[in-house]
Every structure is written in C-alpha cells, then in structure tokens.
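Given the structure is predicted, the values throughout are model-derived calculations rather than measurements. Sequence lines set the chain letters: A, B, ... in the order given, protein chains first and strands last, and positions in each chain run from 1.
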Number of protein chains: 2
Amino acid sequence: MLPKDIDRTDLRILNVLQQDARITNQALADRVALSPSACLRRVRDLEARGLITGYRAQVAVDRIRTATIVLAQVTFGRHALDSFGEFDRRILDMPEIVEACRISGAHDYMLRVIVNDVHEWKDIARMLLGGDYGVERIVSHFLMDEVKPFSGYPLTSSRRKA
Amino acid sequence: MLPKDIDRTDLRILNVLQQDARITNQALADRVALSPSACLRRVRDLEARGLITGYRAQVAVDRIRTATIVLAQVTFGRHALDSFGEFDRRILDMPEIVEACRISGAHDYMLRVIVNDVHEWKDIARMLLGGDYGVERIVSHFLMDEVKPFSGYPLTSSRRKA
DNA sequence: CCTGAAATCCACTATTG
DNA sequence: CAATAGTGGATTTCAGG
C-alpha cells in the first residue's frame, strides 16, 4: 500500500508542506514530533528523491493582469506517435500554455492556457491547428469560476473498501 | 495595463516565488535588487493584499500512493442556480475532488479527481449523478501523462499587439 | 535514524536617509 | 519608500548513541 521507502512521518511532512511550503523547519519539526535536525534531513531527502518536485507561491493572477483562462481539448487526426513529440515540444515553448496533459478518451490533450482575451486564444488555437502537428480539432472552455482551487493531493486514500 | 498598486519589482518578486517559494528573503532581495528589509515588507504586503494566496510544495503523488487522476466534465440538466450551490458544497467536502472549475460551453464544471482506481471513480461519479444536484451527465478522461506540469503563470503577457 | 549542542546564517525591527 | 545595522531566533552541521 505505502511505498516501503516512505513512512508515516514523511507523509505528515509532505502534507504540511503541501499546505504551507514556507513553514519554518522548527515549526514543521514540532508538527511532526521530530527534532529540527531530523526533520530537515527528511525534507532534504524527499527533495533529493524527487518526491517533492518544487515549492511554488500561488498567485492571484487575475488581480495582476488581464487573464482569460482557457481549458482546451485537443484532438489529433492521425495518431502518429512522432507528431506527439513535435507537438509536445511546441507547447513546452509557449508560455501561454501553462499546463498540458495527455488524456484518454475522445480527445488527446487537455491544455490550460492563459491569454489576455478571446482574440488571443483564437490566434493560438489557429497556430496549433495550422502548425502541421496533426491537430484536427480543438474544443475550448472558458474558466468562469474557480469553485475549488487546487490545494494539494490527499496522500492517503480516505475511501475504504466495501 | 498593470494595476497601479503593483510595480515591476512586485512582479519580479512574484515571479521568483512562483518558481521557488522557499528561497530565503536575502536571496530573493538579491535577485530583485532590493535590501532584505524592503523586500520582506513587499512580500508581507503581497500576502496581506491577497495577491499571494499560499505557498505549496508540489508532490509527486504517483510515487506515494496509487493514483488515477480523472478530468471530468459535469453537465447539469436544469440550470437552477441554487442547485449549483448545493453541488459546490458537496464537492468542497470531497477530498478526492482536488480541483473544480465552473466553465462555459457545453459543460458546466471541470473537475480534477484523484482515486485509487477506475472503480472508485465509478462510485464517485454515481454519487454525483444520483445526489439530486441536477447533474445530468459526466464525461471522464483519465490522465495519461503530464506533458507540461503547471509551474506558475506568466505575469506579463508576452504576446504583442499586431 | 535519532538527539542535542555549537556555529553559522537569516528574519525582523528600529533607526535613519 | 529604501538602506543599514543589530538581536533574537532559525538553519545547518557534527559528534555521539
């Protein structure tokens, strides 16, 4: 169930850091009932092993710039796996595309894009369609309201078996 | 273009903190060419004004637990605005639903859900459909690959006018 | 793998420009 | 508003169990 190289103390550390990445090491050590030095060593270890992939400030971007956020589903025509590679490289290059997932189902990618307005999105969508990546169709949705903003994953599944 | 209560120094601070929330105040001050005290005052101000909404460690959740991540589009039947409120409260309560956005277009919500397996997702989807919230249809996509993981928003739009 | 102490280094405040 | 300097406290290393 739990990977054998992660114990409950690690989980507690990760849970706290998911909620408050800027907590002091001392306070963190208190919350997980460890001495500061032991706690720090675990945190460094979690970083080195790639279990913590980064620490990010969450910014209210809509209060800083004009921001229209688009969730776009991209469908490919021919499924040449190579064309995925080209497409991937392209979207990694575009700062407006802030997130991209390959998904199962009727569509191939789900993108999250930030633009100033709908016209800018039109330009980008046209670019993706016309770039000869094999993109056949783009379905876009505009984000109206962040009802539940992401604030970390549950690291233990709460749901119990029947 | 830029809100008058945010200057370029604030933007640089936000940009650095988006990439590395655990940087020390001194190093941050260096990077934005400010004294530590001036820098710290700005950071506290950005927090107090709600422009920074939190600091989060990014965790490689798939290396910690069995994780199937679902992107689900939820469509309502009758558009009673009240039923949205009930639905909202419900999803805020469910730890498996880690993000929820109201969107425009053919569907009403986009959810990001983490479950152990497809069966668990089936249970949750059935719950949402049967809970008398007015949910009419759920289209689900399973996340196959995080091609471009979210790592902060561009705070200045790079695209220039034609 | 932990604790505890010692030595840095940093956050934060007061003071001043 | 920003810089400088001081002090209380935190981070980090290391010795030892």
Establish, yes or no, whether a centroid distance under 6.0 Å links the rings of B/F76 and B/Y133. no
Is B/R56 reaching over with its side chain to a backbone N or O of A/Q18, donor-acceptor style, under 3.5 angstrom? yes
Nearest nucleotide by nearest heavy atom, which residue falls closer to the 5' end of DNA chain C, B/S37 or A/T9? A/T9
Find the distance B/D30:CG to D/dA3:P and express it as a whole number of Å. 11 Å
Are A/F150 and B/F150 an aromatic pair, judged by ring center distance below 6.0 Å? no
Between C1' on C/dG4 and CG on A/L40, what's the gap in Å once rounded to a whole number? 15 Å
Gap between atoms CZ and P, on B/R8 and D/dA2 respectively (whole Å): 14 Å
Checking contacts here: which listed nucleotide (D/dT11, D/dA3, C/dC2) is nearest the side-chain heavy atoms of B/A38? D/dA3
Keeping the roles fixed (side chain from B/S104, backbone from A/F142), state whether a donor-acceptor pair exists under 3.5 Å. yes
Start with the C-alpha gap between A/I13 and A/L46, add the side-chain angles, then the distance that decides, and say whether side chain to side chain contact (heavy atoms under 4.5 Å, CB included) holds. CA-CA 9 Å; A/I13 289 175; A/L46 290 167; 4.0 Å; yes
Within this structure, what is the CG-to-P distance between B/D45 and C/dC12, rounded to whole angstrom? 14 Å
Considering only side-chain heavy atoms of B/Q26, which listed nucleotide, C/dC10, D/dT11, C/dC2, is closest? C/dC10
Applying a 4.0 Å non-hydrogen cut-off, can you work out what B/T24 is touching in the nucleic acid: base, sugar-phosphate, or nothing? sugar-phosphate
Starting the side chain at C-beta, find the nucleotide from D/dT11, C/dC2, D/dA2 nearest to A/N25. D/dT11
Taking 4.0 Å as the cut-off, does a side-chain nitrogen or oxygen of A/R41 come that near to OP1 or OP2 on D/dT13? no
Rounded to whole angstrom units, what separation is found between the CG atom of A/L34 and the C1' atom of D/dT12? 15 Å
Tell me which nucleotide among C/dA11, C/dG4, D/dA3 gets nearest to the side chain of B/R44. C/dA11
Can you measure A/R42 atom CZ to D/dT12 atom C1' for me and round it to whole angstrom units? 18 Å
Which part of the nucleic acid, if any, lies within contact of A/R22, taking any heavy atom under 4.0 Å across all strands shown: a base, the sugar-phosphate backbone alone, or nothing? nothing
